[in-house]
Chemist: 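Would you mind keeping the following structure in view while I ask a few things?
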Amino acid sequence: MSAPSGPLPAGSASSAGLRTARSARPAVSEAPSSIGKLRSLLAGTFAMAQAELRKLHHDHLDIFTRSVQPLLWLFIFGTALHHNRSLTVGTLDYRSYLAPGVMAQAAMFIAIFFGLAVIWERDVGQLQRLLATPLPRSAIVLGKAAGACVRALVQALLLLAVLAATGIAVRWTATGVIGTRALLLLGTGAFACMSMLLAAAVKERERFMGIGQLVMMPLFFASSALYPLAVMPAWLHAIARVNPLTYEVQGLRQMLVGVGGAGEVWLDFAVVIGFFAIMLAAATRAYPKAIL
């Protein structure tokens, strides 16, 4: 005669095994959910990036006109101050010193005014339709930032080609060029997210243009893009030290020409990555408010 079935004692091994099995079930179901969210984020980002690339493919004039600005800074401003000893670092040509700063400034100029497209999309109703899709908000923001990154990358490649053609001294190493492109993309993505954050708060394109200039010019001039930190007064030096553009320029300069802040490229990458993460989180949260 078999023993009657009944509830197991609370302290038995079987009871403990059942509790372990029950607690393990949700973990099994959560893993696919996390993977699914990641896939959705990557797919949405790729789709948005493709849309931005199609816009760029049909606008070659925009690439050309934007590429003229850094060349003017490099060959007119750089040549004018070529023999200024206070701006010379050792025996380095000032134009070589200026090239990474001009590259970062041109990319930031693209990124800061990228929010104008968000305002335009809201005015024509495209933004409302986009936010009604099941795409994650972070994928939309990342995809749009990718459009600014591609424009900045094309502009940087044209600038590097000009540097090579004119013989301006740059260190042509594989790690330096790849690292330069990576840091430039991170910085451009961060400033593009900042631009989308501003666009969520500003409703008129004319007002956004004024605010964009107000943000961009102090960031540019209160950085090491044009001159070494050592020649700055104490108050400007303190501002430059908390300016994310300073770290982007220092990293680019260290990898391209071999001089920078303290030569700590890892610190420059860490600051730019942290700035990008903060701007991405803020833009993702504020982006739906752009339709209000």
Side-chain angles (χ1 to χ4, degrees), residues 69-70 72-74 76-78 80-82 84-90 92-114 148 152 155-156 159 170-171 176 179-195 197-198 210-280 282:
Q69 181 192 356
L72 293 176
W73 274 100
L74 184 63
I76 295 180
F77 185 82
L81 298 178
H82 178 56
N84 191 317
R85 293 184 179 180
S86 62
L87 299 180
T88 303
V89 180
L92 185 68
D93 187 339
Y94 177 65
R95 290 172 299 179
S96 300
Y97 180 87
L98 183 63
V102 168
M103 185 183 297
Q105 183 265 352
M108 184 183 67
F109 187 87
I110 292 174
I112 286 293
F113 290 103
F114 205 72
Q155 190 178 67
L159 180 59
V170 173
R171 295 197 310 183
T180 296
R181 293 166 64 182
L183 186 59
L184 185 71
L185 291 177
L186 286 169
T188 305
F191 286 115
C193 291
M194 175 191 284
S195 178
L197 180 63
L198 292 174
I211 294 177
Q213 289 282 359
L214 183 63
V215 170
M216 184 187 70
M217 300 312 291
L219 284 172
F220 176 49
F221 287 107
S223 72
S224 59
L226 299 178
Y227 26 70
L229 297 179
V231 303
M232 295 181 180
W235 65 270
L236 186 57
H237 188 279
I239 295 175
R241 279 297 180 189
V242 296
N243 184 353
L245 185 64
T246 294
Y247 295 90
E248 180 184 350
V249 172
Q250 285 184 169
L252 295 176
R253 188 169 286 139
Q254 182 66 35
M255 290 183 286
L256 274 181
V257 296
V259 298
E264 299 174 343
V265 179
W266 65 268
L267 177 61
D268 302 321
F269 268 96
V271 171
V272 175
I273 290 172
F275 178 57
F276 174 66
I278 293 171
M279 289 296 103
L280 175 61

Chemist: Can you name the one residue among Leu186, Leu219, Val215 that meets side chain to side chain contact (heavy atoms under 4.5 Å, CB included) with Phe191?
Modeler: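 Checked Leu186, Leu219, Val215 against Phe191; only one passes side chain to side chain contact (heavy atoms under 4.5 Å, CB included): Leu219.
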Chemist: Of all heavy-atom pairs between Ala148 and Ala192, which one has the smallest distance, and what is that distance?
Modeler: CB-CB, 3.9 Å
Chemist: Work out which heavy atom in Ala156 is nearest to a heavy atom in Leu184; give both atom names and the distance.
Modeler: CB-CD2, 3.4 Å
Chemist: Any non-hydrogen side-chain atom of Gln213 less than 4.5 Å from a side-chain atom of Phe113?
Modeler: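 When only atoms from C-beta onward are counted, Phe113 and Gln213 do touch, with a gap below 4.5 Å.
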Chemist: In Å, rounded to the nearest 0.5 Å, how long is the span from CD of Glu264 to CD of Gln250?
Modeler: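 The distance works out to 9.5 Å.
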Chemist: Specify whether Tyr94 and Phe77 have parallel, tilted or perpendicular ring planes, treating 30° as the upper limit for parallel and 60° as the lower limit for perpendicular.
Modeler: tilted
Chemist: Within the structure provided, determine whether Leu226 and Phe221 are in side-chain contact (heavy-atom separation under 4.5 Å).
Modeler: yes
Chemist: Between Gln155 and Gln69, is any pair of side-chain heavy atoms under 4.5 Å apart?
Modeler: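 With C-beta onward as the side chain, the pair stays apart.
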Chemist: Measuring from Thr188:OG1 to Arg181:CZ, what's the distance to the nearest 0.5 Å?
Modeler: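 If we round to the nearest 0.5 Å, Thr188:OG1 and Arg181:CZ are 12.5 Å apart.
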Chemist: Show the nearest heavy-atom pair for residues Leu229 and Ala240, with the distance to one decimal.
Modeler: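 What the structure gives for the nearest pair is CD2-CB, 3.7 Å.
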Chemist: For the residue pair Asn243 and Ser223, what are the closest heavy atoms and their distance?
Modeler: ND2-CB, 3.6 Å
Chemist: In the structure I gave you, are the side-chain heavy atoms of Leu159 and Leu74 within less than 4.5 Å of one another anywhere?
Modeler: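 Sidechains of Leu74 and Leu159: in contact.
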Chemist: Return the minimal non-hydrogen interatomic distance between Ala225 and Phe220, and the atom names on each side.
Modeler: CB-CE1, 3.5 Å
Chemist: For the residue pair Val249 and Ala104, what are the closest heavy atoms and their distance?
Modeler: CG2-CB, 3.7 Å
Chemist: Got a donor-acceptor contact below 3.5 angstrom from the Tyr247 side chain to the Val242 backbone?
Modeler: no
Chemist: When rounded to the nearest 0.5 angstrom, what distance separates CD in Glu248 from CZ in Phe276?
Modeler: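 Answer for the CD-CZ pair, Glu248 versus Phe276, is 12.5 Å.
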Chemist: Sub-3.5 Å donor-acceptor pair from the side chain of Arg253 to the main-chain atoms of Ser96, do we have one?
Modeler: no
Chemist: Look at the side chain of Arg171 and the backbone N and O of Gln254, then say whether any donor-acceptor pair between them is shorter than 3.5 Å.
Modeler: yes
Chemist: Supply the atom-to-atom distance Ile112 CD1 to Ile211 CD1, rounded to the nearest 0.5 angstrom.
Modeler: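 Ile112 atom CD1 to Ile211 atom CD1 measures 11.5 Å (nearest 0.5 Å).
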Chemist: Roughly how far apart are Ile273 CD1 and Leu183 CG, rounded to 0.5 Å?
Modeler: 8.5 Å
Chemist: Is the closest side-chain heavy-atom distance between Pro228 and Tyr97 below 4.5 Å?
Modeler: yes
